[in-house]
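To keep things clear, I will list the structure first and then write my remarks on it.
In the text below, chain A, chain B and the rest are named by the order of the sequence lines, each starting its count at 1.
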Amino acid sequence: MNQPSPVPRNFGFGSEEEMLRDLARQFLDENMPVEKLRGLAAPDPEPIYDDGQLPGWDQQVWNQVIELGWPGLAVPEHLGGSDFSLVGIVGLVEEVGRHALPSPLISTLNASWVLRSAQTKEADPFLQSLASGTPASLAMTGSRGGVEPGEVDVEARSTPAGVCLDGVSFFVQDASKCELFLVFARQGEGLKLCVVPREAAGLRIEQDQIHDVTRDQATLYFEGVEVNSASVVSDSGLATLQRAWPGLLCLVSADLCGTSEWQLQTTVEYAKNRKQFERPIGFFQAVKHPLVDAMIEIDRARSLLYHAASLVDADHPDAELSARMAKSAASDAGAYISDRSVQLHGGIGFTWECDLHIFFKRSLHNQALYGDGVHQRRRLADFLVGPIDR
Amino acid sequence: MNQPSPVPRNFGFGSEEEMLRDLARQFLDENMPVEKLRGLAAPDPEPIYDDGQLPGWDQQVWNQVIELGWPGLAVPEHLGGSDFSLVGIVGLVEEVGRHALPSPLISTLNASWVLRSAQTKEADPFLQSLASGTPASLAMTGSRGGVEPGEVDVEARSTPAGVCLDGVSFFVQDASKCELFLVFARQGEGLKLCVVPREAAGLRIEQDQIHDVTRDQATLYFEGVEVNSASVVSDSGLATLQRAWPGLLCLVSADLCGTSEWQLQTTVEYAKNRKQFERPIGFFQAVKHPLVDAMIEIDRARSLLYHAASLVDADHPDAELSARMAKSAASDAGAYISDRSVQLHGGIGFTWECDLHIFFKRSLHNQALYGDGVHQRRRLADFLVGPIDR
Amino acid sequence: MGESGLTSEQIAFQKHARGWLEENAPPPPPIRLPLMAIEVMHEAQRDYLQSWQRRCYEAELVGTDVPREYGGWGREGCQRIANQEMSRAGTPFMINIVGLTMAVPTILVHGTESQKKLLIPGALTGEEIWCQGFSEPGAGSDMANQQTSAIRQGEDWLVNGHKVWTSLGHFAKWMILITRTSKEHKYDGLTYFVCPIEGHPGVSVRPLIKITGETGFNEVLFEDVIVPDSLRLDEVGKGWTVAMTTLTYERGAAEGAGGGGQGGDPTQRLIALARESWRDGVRASDDPVTRDALVQQAIVYEGIRMNMRRAKVPALNDHPMRLPLQSKLTGSEASQNAARLGVEIAGVHSTLYKKDPKAPEAGHWPLAYLNSYGGTIAAGTNEIQRNILGERVLGLPKSK
Amino acid sequence: MGESGLTSEQIAFQKHARGWLEENAPPPPPIRLPLMAIEVMHEAQRDYLQSWQRRCYEAELVGTDVPREYGGWGREGCQRIANQEMSRAGTPFMINIVGLTMAVPTILVHGTESQKKLLIPGALTGEEIWCQGFSEPGAGSDMANQQTSAIRQGEDWLVNGHKVWTSLGHFAKWMILITRTSKEHKYDGLTYFVCPIEGHPGVSVRPLIKITGETGFNEVLFEDVIVPDSLRLDEVGKGWTVAMTTLTYERGAAEGAGGGGQGGDPTQRLIALARESWRDGVRASDDPVTRDALVQQAIVYEGIRMNMRRAKVPALNDHPMRLPLQSKLTGSEASQNAARLGVEIAGVHSTLYKKDPKAPEAGHWPLAYLNSYGGTIAAGTNEIQRNILGERVLGLPKSK
């Protein structure tokens with residue numbers, strides 16, 4: 001383990017981080033305005049919800065994202081990445097959330113974060129591959145939808161060439177867009193972390209039918225999938241995942257903060273313009289005060305998020321605690337502004353043609369991912385109050 | 001056990017119950033208007049809070065209450081009571097709460113309810129005594145402030161004449177006003193229920209210093225208190241208390257509903273009259289909507305309360321479940337309107353001269369008594385969801 | 001649980017209703033039914049529900065208290081019992097909810113004898129489905145701000161305008177319609193009609209898509225639609241008063257002509273979900289925080305039931321409208337919170353749409369949650385409901 | 001936890017502050033101290049706190065960033081560090097909170113050179129305690145509705161009126177005072193003075209009793225009080241502008257001249273309480289519902305701390321006042337909710353007043369809960385704070 005480095009009071013959010021964030025905002029404002037998003041992801045519900053088609057996304061934008069180097073942000077420089085601070089990445093992901101960008105960017109960032117946390121030389125070629133634009137995703141969840149490291153339903157058994165995988169991995173994010181899967185598989189007491197390409201023999205990918213139209217999700221069935229030893233990037237997968245966990249919680253929290261801020265601002269604009277009883281509805285405290293409360297919740301989540309990311313950057317022992325606080329606050333803020341955004345829009349907010357539902361569903365998905373507020377607080381209580389004495 | 005009798009859809013709140021309630025309202029409007037209450041219970045805080053004096057109450061009113069027969073409402077007719085339905089008593093106690101009446105009435109009603117639940121002939125003379133106006137209170141709580149039957153810190157040991165009590169009983173309501181105490185004492189696995197007069201040798205009564213100015217509370221120290229066998233009214237005290245529990249929960253919930261309704265109406269009146277920004281503050285939704293929410297919570301609690309009382313009257317097996325729901329709702333409604341009443345009054349609500357604090361503190365006391373909302377819900381979950389499988 | 005306070009006729013009726021429902025539970029539906037009548041999308045759903053309503057009608061469980069001359073069964077105080085028994089039996093809801101709980105009661109109060117005879121029987125049998133034309137794109141919560149115009153032309157009226165939020169419009173034979181007949185007075189310039197919809201010239205019904213991706217509510221356009229004066233309810237300019245009658249029924253302040261059936265307390269369903277959902281290797285039903293939330297839910301629903309009961313005891317109601325006016329607000333928020341809790345209990349499984357076979361309870365909870373905003377927004381947003389309660393019941397000054 | 005982003009002067013100062021506080025922790029107070037300076041009731045409390053403030057001043061922890069010519073220490077960006085270190089060390093609060101966080105910053109902005117020299121030094125040492133005269137019985141949340149009049153008489157002003165909610169008034173040498181100098185303009189008719197209190201002819205200070213039964217705030221009556229024009233701050237008719245400066249500091253939007261010390265995150269204290277409180281034979285600290293509430297509390301407090309930190313990073317603040325204007329609201333509600341949770345955890349023990357030896361933590365929680373309404377009401381009720389945030393930060397139309 002590295003020694004914790006000092007934690008800067010500005011979270012380490014300096015000029016480079018600001019530049020990256022501003023660039024992301026500008027790029028996404030131009031390349032994924034909400035009108036375009038609507039056309040891509042939510043044109044007509046029937047093909048998606050009734051016929052099981054995957055919602056649309058823009059491969060062109062993804063290619064540009066690769067050129068901008070975003071998939072390699074968390075990858076060390078000698079492997080082709082830019083070794084950016086998590087605080088900076090979080091700033092970028094907030095913008096991704098604010099534009100509800102459909103893309104494998106976040107799943108790839110997550111994967112790179114886990115590979116990096118493996119701290120093995122076997123991970124290096126894959127980190128390099130991710131940095132050069134190969135989209136990847138984590139396959140780490142069991143059938144119960146476990147929201148903590150280690151609840152997996154894939155078994156690994158040793159073979160002369162490496163390991164062979166059998167079982168099922170659930171809730172794999174943006175699987176249809178990814179070429180590599182980082183699969184956690186149980187062997188005895190331990191977890192192996194294996195990299196499996198989507199075209200591997202014995203791997204069957206079944207797309208889930210989900211509400212969120214800005215991503216996809218799949219179930220991966222492993223039937224005797226052979227993984228050679230070069231692709232077993234860690235034998236201590238649980239430790240890897242536990243090291244990576246605070247970072248993963250920060251990334252999903254950042255996405256939540258981004259969608260929440262969009263929902264807030266969009267509802268504020270509506271409240272300024274929509275008139276009822278001869279006044280803009282924002283005049284009424286039943287509209288104004290909930291928006292203020294939402295702002296307060298969002299700000300709490302953002303401040304906790306940047307703090308958590310700075311602790312991750314510093315390898316600080318409180319990083320997990322801090323990241324769980326951020327995820328709890330971000331999930332709850334997301335739930336609150338999602339609720340109020342639809343309610344305060346009234347009838348129009350209940351329609352498909354209004355963009356709110358796109359953000360609502362992305363937020364709802366992220367609220368549950370890696371554990372909601374109640375879950376994080378259950379874990380936090382063990383840190384803060386101590387384990388329950390039965 | 002009696003067979004459950006049919007539960008009437010009007011909760012059994014018929015003309016007799018209505019008459020009793022209306023009489024109580026009229027009597028208390030005349031004899032305990034808030035101006036009088038203020039003068040009695042909350043003249044100047046120093047003597048009460050700094051010098052440990054007991055807050056005032058009106059012995060005259062208590063004598064009239066005895067004449068009205070209220071202490072005997074739950075006592076069978078052949079013992080001098082009127083054997084009123086609990087639904088009717090609850091209607092009366094709501095009025096008592098609405099006037100924040102300082103008196104030993106509720107402690108005496110509680111005591112009579114427990115004596116009745118003992119279902120022994122030894123209880124009869126004491127029921128008769130209570131009906132004739134002897135004030136009494138329950139001594140049933142241990143040092144941990146246990147909010148369920150059976151957590152007592154008094155030990156009974158057998159003597160030739162009866163039992164001898166040693167130990168301490170905490171949180172005895174209105175002890176300074178009472179002449180008899182119904183003491184629960186552990187003997188082996190069981191609980192004895194003993195009646196001990198306040199002047200018993202070896203009994204020391206130490207008044208607690210409490211916030212609520214409409215009641216008093218004491219700790220009872222038993223040092224070799226001899227109780228003759230005629231005063232040991234039950235050898236199965238735990239069963240007695242469990243039978244009595246739903247009724248006790250209804251009585252305290254009724255008091256809470258009463259104080260809450262007073263707080264609501266008083267704050268509504270203030271909101272109609274107090275002007276800010278050239279309008280009555282009730283114009284503002286930040287004032288109006290919380291008052292509506294408080295009304296909804298109070299109504300929920302009242303409806304649950306009358307239902308629970310009607311199940312108690314019918315000896316229905318769901319009575320405990322229903323009474324716990326009522327106490328949970330009444331405690332939460334009390335907390336909410338207490339909070340909003342002070343906040344929405346602004347500066348004046350924060351002062352001693354405003355009557356709000358009298359009701360606030362009575363409500364706060366009752367919220368905790370016999371278990372707050374969280375506690376009741378923990379118990380309810382065992383009924384509704386089943387016990388936790390560890 | 002035994003009950004008293006019923007007349008002998010009511011007791012006999014209750015027995016009849018309970019017995020009939022036990023013996024006549026409907027066959028399983030051909031496709032998944034939505035939670036509420038206003039979400040009915042497909043013809044298969046409609047046909048199934050329409051035939052169920054007719055059977056209930058024939059069993060006298062619908063139109064129970066409506067006079068016989070209008071196709072009802074002429075009883076007294078029995079509709080409530082029928083609704084209650086249907087709810088108890090868990091049978092499907094009545095599809096013609098707008099007809100039964102809004103149109104019929106309004107027509108009974110404000111209609112002429114011939115209007116009653118023309119309109120009520122088809123509503124009761126379910127043959128003629130009704131929809132409601134109260135909402136407009138510009139009006140929102142300000143219901144008096146109606147722009148749809150009706151202009152007198154001899155014995156007819158010429159209607160032009162645009163209604164939205166019209167549940168069941170795609171199946172409807174009739175609409176209860178508020179129009180503006182004078183621009184001079186906001187409230188006194190409104191007139192109330194019943195208007196033919198299906199196949200009526202100039203009327204077009206277009207489905208609106210909800211946030212769930214489902215249809216089920218519509219916009220209805222009126223282009224030079226002729227409505228005969230014989231379909232006007234009450235006087236010209238009295239539309240606001242008539243609409244208030246309708247809303248009193250819609251908001252649950254009074255018993256309609258039927259509408260019982262499923263849609264009640266979801267507590268047991270949530271508990272069952274919690275037993276099948278996992279948290280940190282523990283069933284959610286064993287997690288005390290979830291248990292606390294489940295019990296809160298149960299208390300709210302029990303409170304709603306007991307409010308309904310207490311509302312009928314005058315001695316326990318200082319203000320006659322205090323409880324009835326709460327019911328739309330408390331009911332819609334209870335449903336929303338229950339559905340939200342279901343989403344939370346299901347955890348990451350709530351990401352799944354109903355078509356996914358892994359979705360718990362066929363994807364019920366996230367869909368119910370999304371759809372619940374229909375309840376908290378329609379028929380006067382809950383913000384408006386709080387104004388109404390604050391003003392009419394507590395007597396606080398108007399916020400508008 | 002290490003920190004960077006500080007100048008070398010600031011790092012040296014932090015080291016000095018931390019070291020001094022470690023070595024100079026004050027002796028235990030002679031009587032129980034209240035939670036906040038504005039609750040100080042007794043002379044013994046005052047004397048103790050005044051002497052502590054003087055020691056901190058002499059150690060350069062108070063007035064740290066105030067120019068030397070006005071009695072300060074002339075540093076830059078060090079007051080924040082001093083406050084933080086005092087909070088970290090858990091030492092008592094500064095009694096002259098009104099002087100340090102409101103009067104001094106306001107005088108620095110709006111005062112003349114001679115006013116600064118006259119008034120600031122005594123505020124910093126704590127010798128001259130200040131109070132605030134912004135609230136009136138009729139004004140409440142509508143602060144511009146001031147009725148206390150000031151009438152020009154040559155070189156003096158004649159002041160008549162009635163202020164309430166005056167914490168520390170009974171110990172105060174000075175008051176910051178808003179008066180009405182013209183009835184024609186609501187906002188432009190206000191003028192701001194500093195007014196002598198103790199022993200000044202015509203001024204009477206009467207204690208008001210709080211709901212807790214304690215004193216600590218007062219009403220102040222002005223009967224023909226003479227205030228020399230030299231004590232006017234800024235121009236006649238500019239009182240509203242000056243008051244806004246004061247409130248910006250009071251509401252936490254800016255760093256004052258000191259005021260650090262206890263009053264921070266109660267999480268550890270609540271956890272300790274939960275360990276000593278029982279529920280159904282189990283410690284409350286082992287009850288998952290209580291644990292969830294404790295952690296929610298901890299998250300809110302950590303959020304407040306991190307908001308303060310983020311507010312200093314311009315790149316993470318699109319609107320410069322968005323975080324600062326939240327702090328009064330979030331701080332006062334966090335305290336209230338924490339105290340309420342303490343009351344709930346203590347259960348029936350929270351019925352006990354501080355004088356009862358059985359009261360947990362000397363009766364802290366119920367008293368803290370009752371007193372917390374001071375925080376949510378004073379200095380603009382939290383309802384007004386929400387208006388301000390909605391209007392100034394989100395740009396929504398004014399609600400008044």
Do [X] and [Y] have side chains that get closer than 4.5 Å, going by heavy atoms?
{"X": "A/D332", "Y": "D/Q296", "value": "no"}
{"X": "A/R377", "Y": "D/I299", "value": "yes"}
{"X": "D/R386", "Y": "A/D293", "value": "yes"}
{"X": "D/L316", "Y": "A/R21", "value": "yes"}
{"X": "A/H307", "Y": "D/R305", "value": "no"}
{"X": "A/N10", "Y": "D/R310", "value": "no"}

- Item | Under 3.5 Å donor-acceptor, D/R291 side chain and A/L384 backbone | no
- Message: Would the distance check show the side chain of A/K288 and the main-chain N or O of D/P397 forming a donor-acceptor pair, the cut-off being under 3.5 Å?
- Response: yes
- Query: Is it the case that more than 12 heavy atoms not belonging to D/K186 sit under 6.0 Å from its NZ atom?
  - Reply: yes
- Query: Is the CD atom of D/E76 crowded by more than 12 outside heavy atoms at less than 6.0 Å?
  - Reply: no
Given heavy-atom pairs under 4.5 angstrom as the criterion, report whether the side chain, backbone, both or neither of [X] touches chain A.
{"X": "D/L394", "result": "both"}
{"X": "D/R283", "result": "neither"}
{"X": "D/L270", "result": "neither"}
{"X": "D/T330", "result": "side chain"}
{"X": "D/N382", "result": "neither"}
{"X": "D/I271", "result": "side chain"}

Any chance you could measure [X], atom [atom1], to [Y], atom [atom2], to the nearest 0.5 Å?
{"X": "D/E302", "Y": "A/L380", "atom1": "CD", "atom2": "CG", "result": "10.5 Å"}
{"X": "D/N387", "Y": "A/H289", "atom1": "CG", "atom2": "NE2", "result": "4.0 Å"}
{"X": "D/L325", "Y": "A/M295", "atom1": "CG", "atom2": "CE", "result": "8.0 Å"}

Which answer fits [X], side chain, backbone, both or neither, if we ask what part of it has an atom under 4.5 Å from a heavy atom of chain D?
{"X": "A/F11", "answer": "side chain"}
{"X": "A/Q265", "answer": "side chain"}
{"X": "A/L264", "answer": "side chain"}

Return the minimal non-hydrogen interatomic distance between [X] and [Y], and the atom names on each side.
{"X": "A/V292", "Y": "D/G390", "value": "CG2-N, 3.4 Å"}
{"X": "D/R309", "Y": "A/R9", "value": "CG-O, 3.0 Å"}
{"X": "D/S285", "Y": "A/V385", "value": "O-CG1, 3.7 Å"}
{"X": "D/L396", "Y": "A/A271", "value": "CD2-CB, 3.8 Å"}

- Query: For chain D, which residues from residues 298-306 of chain A have at least one heavy atom closer than 4.5 Å to it?
  - Reply: A/I298, A/D299, A/R300, A/R302, A/S303, A/L304, A/Y306
- Item | chain A interface, residue from D/D292, D/I304, D/V282 that has the most non-hydrogen pairs under 4.5 Å | D/D292
- Item | Sequence-distant partners of A/E17, salt bridge (charged side-chain N to carboxylate O under 4.0 Å, His left out), two or more places apart | none
